[in-house]
There are 2 protein chains.
Amino acid sequence: MPDPDLAFAAHDHAHCAQDALARAEAVTAAAGARMTPVRRRVLEILLEEHKALGAYDVLARLAVEGFGNQPPVAYRALEFLVDQGLAHRIQRLNAFTACVHPGKDHAPAFLICRTCHMVAEAEASAARVSLDAEAAKAGFLVERSTIEALGLCPNCRGQA
Amino acid sequence: MPDPDLAFAAHDHAHCAQDALARAEAVTAAAGARMTPVRRRVLEILLEEHKALGAYDVLARLAVEGFGNQPPVAYRALEFLVDQGLAHRIQRLNAFTACVHPGKDHAPAFLICRTCHMVAEAEASAARVSLDAEAAKAGFLVERSTIEALGLCPNCRGQA
DNA sequence: CTTGACCTGTTATGATATTACATACATAGA
DNA sequence: TCTATGTATGTAATATCATAACAGGTCAAG
């Protein structure tokens with residue numbers, strides 16, 4: 001993860017989002033998957049901010065733009081994006097966020113600010129190694145793991 | 001955590017559960033909290049197996065036993081138990097599991113078997129240290145974190 | 001024996017997610 | 001080009017998870 005925790009830092013977000021979108025196109029092309037209008041639009045919506053959106057929030061946006069307005073429309077597009085590694089599901093929030101580093105094979109930790117609700121990705125490999133090792137002691141084989149932190153982002157810390 | 005990953009090992013479960021219950025009484029007494037019939041019963045239900053139960057599963061059990069049969073009855077008892085550290089919420093499952101080590105101040109990782117659905121607690125401090133450090137690099141202050149692993153428990157690995 | 005805090009129960013509703021089925025589209029093979 | 005096949009989308013209906021708001025009951029401190 002070359003640009004850690006981008007989300008909290010001031011950055012050219014238009015560029016950030018456009019870059020992620022371009023990479024997403026490349027990723028799906030490489031995987032032989034189809035980046036359809038709904039899917040692209042959902043990704044764009046998620047990319048607008050470094051926050052997590054609920055499926056119904058996304059759905060509402062889609063509906064006014066003439067896409068379907070039933071839950072499966074949103075859930076399917078979101079599932080596709082998650083499968084392709086273009087978005088992540090935040091368990092703690094029952095919500096979804098665009099991946100900032102599409103293309104990289106990664107399983108990040110998420111830093112969720114309880115005040116401004118921004119969500120950043122953080123490198124999680126060290127934590128995962130510890131977890132896998134601890135699980136191995138019990139004979140448990142970890143296939144996937146969820147690591148999410150709730151707390152205060154640098155900006156909100158300053159204000160408190 | 002002195003008896004790591006108890007859940008997956010053969011053990012005298014009646015004793016395990018009874019011990020947890022006894023400690024729970026001690027914990028609540030020490031906290032000046034009330035271990036009422038509903039709350040005790042919910043804890044007992046959770047202690048019957050090393051699995052996670054949804055609030056509505058618990059509620060159904062309560063209802064046939066003459067307790068209230070509306071969701072808040074279960075959610076309130078579960079919330080109480082979680083607050084007291086007597087139960088944990090498993091985010092990934094939207095479900096709850098009894099704490100195996102009540103009284104110890106701990107924030108474990110959870111090992112969730114995708115086949116038999118058993119849930120074990122594992123030591124998470126090393127992983128937490130890594131996570132906190134990584135977050136600190138971004139200026140993020142971690143207040144609480146969720147670490148959950150999905151995979152195969154020793155028993156189910158054997159069968160695969 | 002009353003007051004105040006807390007617990008329980010109920011109604012109602014809100015929020016999140018999936019199943020099932022019908023229709024439309026895209027692409028590879030005849 | 002046509003058409004068969006897999007895949008994507010749209011919709012209705014329903015399942016699952018969770019909370020707000022309020023009424024009544026219990027308990028223990030003063």
- Counting only N and O atoms by type, is there a donor-acceptor contact under 3.5 Å from the side chain of B:R39 to the main-chain atoms of B:R34? yes
- D:dT9 P sits how many Å from A:E65 CD, rounded? 15 Å
- Ring centroid separation A:H13 to A:H11 under 6.0 Å: yes
- Could you tell me whether the side chain of A:R128 and the main chain of A:A107 form a donor-acceptor pair under 3.5 Å? yes
- Message: Under a 4.0 Å threshold between the charged nitrogen and the carboxylate oxygen, would A:R61 count as salt-bridged to A:D57?
- Response: no
- Message: Between A:E79 and A:R89 (salt bridge meaning N to carboxylate O under 4.0 Å), is one present in this structure?
- Response: no
- Note on the structure: Under a 4.0 Å heavy-atom criterion, DNA chain C is touched by chain B from C:dC6 to C:dT11
- Query: Hey, are B:T146 and B:E148 close enough side-chain-wise for a donor-acceptor pair under 3.5 Å?
  - Reply: no
- Message: Tell me whether the side-chain N/O atoms of A:N69 come closer than 4.0 Å to OP1 or OP2 in D:dT11.
- Response: yes
- Annotated protein contacts, base or backbone, on nucleotides 16-30 of chain D with a non-hydrogen cut-off under 4.0 Å, one of B, S, - each: -BBBB----------
- Task: State which residue, out of A:T28, A:T36, A:V42, fulfils the side-chain contact (heavy atoms from CB on, under 4.5 Å) condition with A:F80.
- Result: A:T28
- Note on the structure: From the list B:L78, B:I90, B:V58, side-chain contact (heavy atoms from CB on, under 4.5 Å) partner of B:L53 resolves to B:V58
